[in-house]
Participant: 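Below is one structure. I have some questions about it.
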Amino acid sequence: MALFSKNKTIQKSDILKKPLPKHIAIIMDGNGRWATNRGLPRVAGHRAGVETLKQIIEFCVEINISYLTVYAFSTENWKRPKEEVNTLMNLVVEYIERELDLLDRNGIKINPIGILDELPEKTLEYIKKAAEKTKDNNKLVLNVALNYGGRAEITQAVKKICQKIANGEITPQDINEDLISRFLYTSNMPDPDLLIRPSGEMRLSNFLLWQIAYSELWVTNVLWPDFKPQHLINAIYDFQNRDRRFGGINLS
Ligand code: FPP
């Protein structure tokens, strides 16, 4: 846990005094445990998790974060019981049905990332609709990782690059880090500055493996349904007080 919380509560005004992260990524973890702790079915935790997501999106808009990437469903999550998978897929549909107009009015661009064509038809239809309606918005890019895996993302990038070579459009000498980045789902976006993982797990879980090479990690024991804008303020405050050297040394 962060040390500052023993001394004083960090305010929104405190974090606005210093540069904010441009891109925040969040592994929304702990929904199942939150529900089990209350004697509720796991899916109740996912429902509560959507409410948290709404508050966090709102707060990111309020403080002018440019990119927010959330891990909603991984390529490994299909192993969960069918009922839980169905609920998660339906929650995406429900969320879009309920919130799309508001998200659009608030200038949020919804950008689903992952192997989208393997999603159930209805979920795919709704996320495509949401992406299309909000495509020209520029206040906050909300990347929703759905059927997403970092290794799968890199694999599809490698395939596309090989195809370009096979077509004679590029040569192997043209391959560099920038080129690879352009074939990822996050092409033309800055890498996440800050990766937040609630629920105390110290794992990356196949999330944004390429993009988080130099991200600052912030882990809290708080479960995602209990995560509040105050926790985000705390994470950003800690981030602002870290010494990011990107492999170099600090000469000042
Ligand atoms: C991990 O918690 C959480 C998920 C696999 C799902 C996260 C999805 C949402 C919050 C809803 C997505 C909806 C929209 C609209 C984007 P867990 O179930 O693994 O928790 P546990 O580790 O405590 O079991």
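For this chain, numbers begin at 1 and follow the sequence in order. Atoms considered below: every heavy atom in the structure, side chains included; atoms not considered: hydrogens, waters and symmetry mates. In this text the structure is predicted, and so the values were computed from the model without any measurement. Whatever order the structure lists ligands and atoms in, that order sets their numbers, starting from 1.
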Participant: List ligand 1 atoms under 4.0 Å from Leu53, heavy atoms only on the residue side.
Facilitator: 16 (C)
Participant: Need the ligand 1 atom indices (1-based, order shown) with element for anything under 4.0 Å from a heavy-atom of Asn77.
Facilitator: 5 (C)
Participant: Would you please say whether a donor-acceptor pair under 3.5 Å links the side chains of Asn90 and Glu94?
Facilitator: no
Participant: Is the NZ or CZ atom of Arg38 positioned over Trp34's six-membered ring, under 6.0 angstrom from the centre and within 45° of the axis?
Facilitator: yes
Participant: Which of the numbered atoms in ligand 1 are under 4.0 angstrom from any heavy atom belonging to His46?
Facilitator: 4 (C), 6 (C), 18 (O)
Participant: Over all heavy atoms of both residues, which pair between Leu209 and Tyr148 is shortest? Give the atoms and the distance, please.
Facilitator: N-OH, 4.3 Å
Participant: So, 4.0 Å and heavy atoms of Gly30: is ligand 1 close enough to count as a contact?
Facilitator: yes
Participant: Taking a cutoff of less than 4.0 Å between a non-hydrogen atom of the residue and any ligand atom, is Arg80 in contact with ligand 1?
Facilitator: yes
Participant: Report the member of Ser74, Ala72, Ala48 with the shortest heavy-atom distance to atom 7 (C) of ligand 1.
Facilitator: Ala72
Participant: Within the 4.0 Å heavy-atom shell around Leu88, which atoms of ligand 1 are there?
Facilitator: 6 (C), 8 (C)
Participant: Should Arg42 be listed as contacting ligand 1, given a heavy-atom distance under 4.0 Å as the test?
Facilitator: yes
Participant: Using only heavy-atom distances, determine whether the side chains of His23 and Gln211 contain a donor-acceptor pair under 3.5 Å.
Facilitator: no
Participant: Judged on heavy-atom distance to atom 15 (C) of ligand 1, which of Phe73, Tyr71, Tyr95 sits nearest?
Facilitator: Tyr95
